[in-house]
Amino acid sequence: MLRVAQALDTQLRAAMQRAFPEATAAAGTPLDPQLAPASKPEFGDFQANGALPLAKPLGQPPRQIAQAIVEQLAADPAFGELCLEPVIAGPGFINLTLRPECLCAEVAARLGDARLGVPSVSAAAPVVVDFSSPNIAKEMHVGHLRSTIIGDCLARVLEFRGHDVLRLNHVGDWGTQFGMLITHLKQVAPEALQTADAVDLGDLVTFYRQAKARFDEDEAFQSTSREEVVKLQGGDPLSLKAWGLLCEQSRREFQRIYDRLDIRLSERGESFYNPYLQGVVDDLKARGLLVLDDGAGCVFLEGVSGKDGKPLPLIVQKSDGGFNYATTDLAAIRYRLALPPAGDGAGRLIYVTDAGQAAHFAGVFQVARRAGWVTGAARIEHVPFGLVQGEDGKKLKTRAGDTVRLKDLLDEAVERAESDLRRRLVEEDRSEEEAFIAHVATTVGMAAVKYADLSTNRVTNYQFSFDRMLALSGNTAPYLLYAVVRIAGIARKGGDLGGGATGAPERVEAQALSFSEPQEWALIRELLKLDAVIAEVEEELLPNRLCSYLFELSQVFNRFYDQVPVLKADEPARSSRLALCRLSADTLKLGLGLLGIPTLERM
RNA sequence: GGGGCUGUAGCUCAGCCGGAUAGAGCGACGGUUUCCUAAACCGUAGGUCGUGGGUUCGAGUCCCGCCAGCCCCGCCA
């Protein structure tokens, strides 16, 4: 309903201008009607709060001001076409209720629109979403869960809005740990370096542990490892081959997780930026930002002071001449913002990492700005998220105290979903194929993990609980999936939902729609909020706003389903209600799809 | 020591640009099934929005102080 809201805003501004020309002139800008969605259903669709702040400057009671605005609105025929008579309430709120014909027209427009009323942006600069970013040769664990799920969701929303999104996996594929890994590989599996094809190195985690154990105990191994790092950085072909093997092995293991979660990513690891690191330091030096301190190349940050009150440095070149993560992050920003062919030409950079890195990114962003790499309207945003905690409120661990592997976490979610389903099948005396059970359990399990993560505000820590996320009622994935299943049930029992199944939207004339029940109107009003919610997520990068909306929509739909018959209704109510069912299903499917959650026909 | 995030019902959490009597869910208690999947729906109870000031027509929301928890603070990412 963004279009309607915009029209109302314009009409309200004009009305205020007509009612208080001198105040408008004094303000220099049009008076703000403070149009907002109604805070409660009984207040209508929108409320304009703009009369209240005018009370003091105008020296009039706010209700009188509201009255003057309402009188001007009444003189505007365009307003009369959209809204019923405005109501002045409380201290001076103007409550606006849309005409039923207007709501029906909006519903009809969405029924004929595959995008459900969400506008598509015209081609703009690409958006980079940097997320997931596991470390090569290590296993993906619960620490990667949130970045991966939240990042994917934000990428989906931006893509749906029509942005050209670069989903970048900034994997940790460079660094000193490769010295020991390559040394170990050369000694344990030299044959892997001879054959042309990548050899299965088996369990990489065990391999990493072995290498680490040797590194900690064996001095000779340590020195060989250090030499190996130098060789690798110097471009030694054999070292590079070993490095490539390790990366390829890791890549395959990561891909298994990404496939299960249905996540698409372009790998562009830290190593990609190696050729650009020296240029970063050179550029900082040329711009007079680089300061040598204790032998390290630093940029001192403005507005951030350390223990002794001196500015805090961002180290971009170590005293041994090597570069570190700050250098890589700066190189990445520079490359991503630089126009092709020198870079990605992005207009917005989004970093989905844990909140603990906030200070690091603030520093890096500041240096990038001062270096002049952030030009024009380019935006760089850190999208922080809190820790995943266990039900005890502490960092999530296994019973043995180890880090939880992502694979195990996903397995358990699916297993629990499956046993829930089997128990219910027995209770309800239903019989289903094994393939059906497996499919439902997998879908529900993955959906539960994703939804639980996305539905909480990402900034706060997130308490992980299989029991809560898989609960069949409440703000959970199963509850939302069930709403979709109920609609599919109506279709199976003879309800023609129109083009939904074939994907081709079927046009419905607004005049053919006829609604009478409050539950229908409540559902309509909820359905029409989609475009505003998507716009909000695109701007604020908060997936939980979309989750809340889908949950509320499901609740409103379930009320409608429970209290208003569809198939047994007489025409034209029956067709009208079927149209609402179809739009509800399409909206839920679209919204869940943007969360990375596929829906089911039966469950 | 400096900086950041968090603190809202028994539990888990929403709360948009400051707007009307602070909302959900779970749990608790009570009810609803001749009818499209009851994985649902309806109702009841439950609050000093950590705390003390300030700003203003109006503060959970903005500003300052304090308390508590977590995180970060020179060559790891």
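Values reported hereafter were calculated over all heavy atoms of this structure, with side chains retained and with hydrogens, waters and symmetry mates removed. Numbers restart at 1 for each chain; the letters A, B, ... are given by sequence-line order, proteins then strands.
OP1 or OP2 of B:C76 sits under 4.0 Å from a side-chain N or O of A:Lys318. OP1 and OP2 of B:C13 both lie 4.0 Å or more from every side-chain N or O belonging to A:Ser455. Contact annotation: A:Tyr479 reaches the phosphate of B:C41 (side-chain N/O to OP1 or OP2, under 4.0 Å). For B:A14, one of the phosphate oxygens OP1 or OP2 lies less than 4.0 angstrom from a side-chain nitrogen or oxygen of A:Thr460. Residue A:Lys56 places at least one side-chain N or O under 4.0 Å from the OP1 or OP2 atom of B:C57. Between A:Arg486 and B:A38 there is a side-chain polar atom (N or O) within less than 4.0 angstrom of OP1 or OP2. Proximity of A:Gln563 to the phosphate of B:C41: no side-chain N or O atom is located under 4.0 Å from OP1 or OP2. Contact between the side-chain N/O atoms of A:Arg545 and the OP1/OP2 oxygens of B:G15 is found at a separation under 4.0 Å. For A:Asn461 and B:G69, the shortest distance from a side-chain N or O to OP1 or OP2 is not below 4.0 Å. Dashed line: the shortest gap from a side-chain N or O of A:Gln555 to OP1 or OP2 of B:G25 is under 4.0 Å. OP1 or OP2 of B:G23 lies within a sub-4.0 Å distance of a side-chain N or O belonging to A:Lys40. The phosphate of B:G15 (OP1 or OP2) has a side-chain N or O of A:Asn457 nearer than 4.0 angstrom. Under 4.0 angstrom from either OP1 or OP2 of B:C42 there lies at least one side-chain N or O belonging to A:Arg559.
When each of A:Gly322 and A:Pro565 is assigned the nucleotide of RNA chain B bearing its nearest heavy atom, the one mapping closer to the 5' terminus is A:Pro565.
B:C13 is paired with B:G23 under the criterion used here, namely a Watson-Crick or G-U wobble arrangement in which both key atom distances are under 3.5 Å. Pairing for B:G65 goes to B:U51, judged as Watson-Crick or G-U wobble with the two contacts each under 3.5 Å. Base pairing of B:G58: no nucleotide in any strand meets the Watson-Crick or G-U wobble criterion (both distances under 3.5 Å). Pairing for B:G43 is with B:C29, a Watson-Crick or G-U wobble pair whose two hydrogen-bonding atom distances lie under 3.5 Å.
B:C13 sits 14 Å from B:C49 when the C1' atoms are compared, rounded to a whole Å. Nucleotides B:G52 and B:U61 place their P atoms 13 Å apart, quoted to the nearest Å. Rounded to whole Å, the separation between the P atoms of B:A77 and B:G10 comes to 46 Å. Comparing the same atom, P, in B:C63 and in B:U21 gives a spacing of 24 Å after rounding to whole Å.
Nucleic acid contact for A:Leu312: sugar-phosphate only, since backbone atoms but no base atoms lie under 4.0 Å from a heavy atom of the residue. If you check every strand for non-hydrogen atoms under 4.0 Å, A:Ala55 touches nothing. Residue-level contact check: A:Val171 touches neither bases nor backbone, having no heavy atom under 4.0 Å from any strand. Within the 4.0 angstrom heavy-atom criterion, base atoms lie near A:Pro53. Residue A:Leu480 is classed as having no contact, given no heavy-atom separation below 4.0 Å to the nucleic acid. Heavy atoms of A:Asn135 sit nowhere under 4.0 angstrom from any nucleic acid atom. Within 4.0 Å (heavy atoms only), A:Gly489 reaches sugar-phosphate atoms of the nucleic acid but no base atom. The residue A:Val566 sits close to a base: some heavy atom pair falls under 4.0 Å. At the heavy-atom level, A:Asp293 lies under 4.0 Å from base atoms of the strands shown. Residue contacts shown for A:Pro478 are absent, as no nucleic acid heavy atom lies under 4.0 Å away. Contact annotation for A:Asn558: backbone-only contact, meaning every heavy-atom pair under 4.0 Å involves sugar-phosphate atoms and none involves a base. Using a 4.0 Å heavy-atom criterion, one finds that A:Thr456 contacts the sugar-phosphate atoms exclusively. Counting non-hydrogen atoms under 4.0 angstrom, A:Ala89 reaches a base of the nucleic acid. At a threshold of 4.0 angstrom between heavy atoms, the contacts of A:Glu428 are confined to the sugar-phosphate backbone, with no base atom among them.
Side-chain proximity of A:Lys493 to B:C36, B:C11, B:A77: nearest is B:C36. Distance from the side chain of A:Cys298 is smallest for B:G74 among the nucleotides B:C17, B:C16, B:G74. Distances were taken from every side-chain heavy atom of A:Ser473 (C-beta onward) to each of B:U12, B:A40, B:A14; the shortest belongs to B:A40. In this structure, of B:G19, B:A77, B:C35, it is B:G19 that holds the atom nearest to the side chain of A:Asn49. Checking B:C72, B:A40, B:A14 against the side-chain heavy atoms of A:Asp562 singles out B:A40 as nearest.
One N or O on the side chain of A:Arg63 and one on the backbone of A:Gly90 form a donor-acceptor pair closer than 3.5 Å. Looking at A:Thr476, its side chain never comes within 3.5 Å of a backbone N or O of A:Leu470 through a donor-acceptor pair. Using modelled atom types, no side-chain atom of A:Gln317 and backbone atom of A:Cys298 make a donor-acceptor pair closer than 3.5 Å. With hydrogens and angles disregarded, a donor-acceptor distance shorter than 3.5 Å links the side chain of A:Asn324 to the backbone of A:Thr327. For the pair A:Tyr351 (side chain) and A:Pro384 (backbone), a donor-acceptor distance under 3.5 Å is absent.
Residue A:Gly172 comes nearest to A:Asn135 through the heavy atom pair CA-OD1, 3.4 Å, listed as atom of the first residue, atom of the second, then distance. Residue A:Ser132 comes nearest to A:Asn169 through the heavy atom pair CB-OD1, 3.7 Å, listed as atom of the first residue, atom of the second, then distance.
Between the side chain of A:Asn95 and the base of B:A20 there is at least one donor-acceptor pair of N/O atoms closer than 3.5 Å. You'll find a donor-acceptor pair under 3.5 Å spanning the side chain of A:Gln47 and the base of B:A20, going by distance alone.
In this pair, A:Tyr273 and A:His170 present their aromatic rings tilted. The plane angle is within the 30 to 60° band. Between A:Phe464 and A:Phe466, the two ring planes are perpendicular [angle over 60°; tilted spans 30° to 60°].
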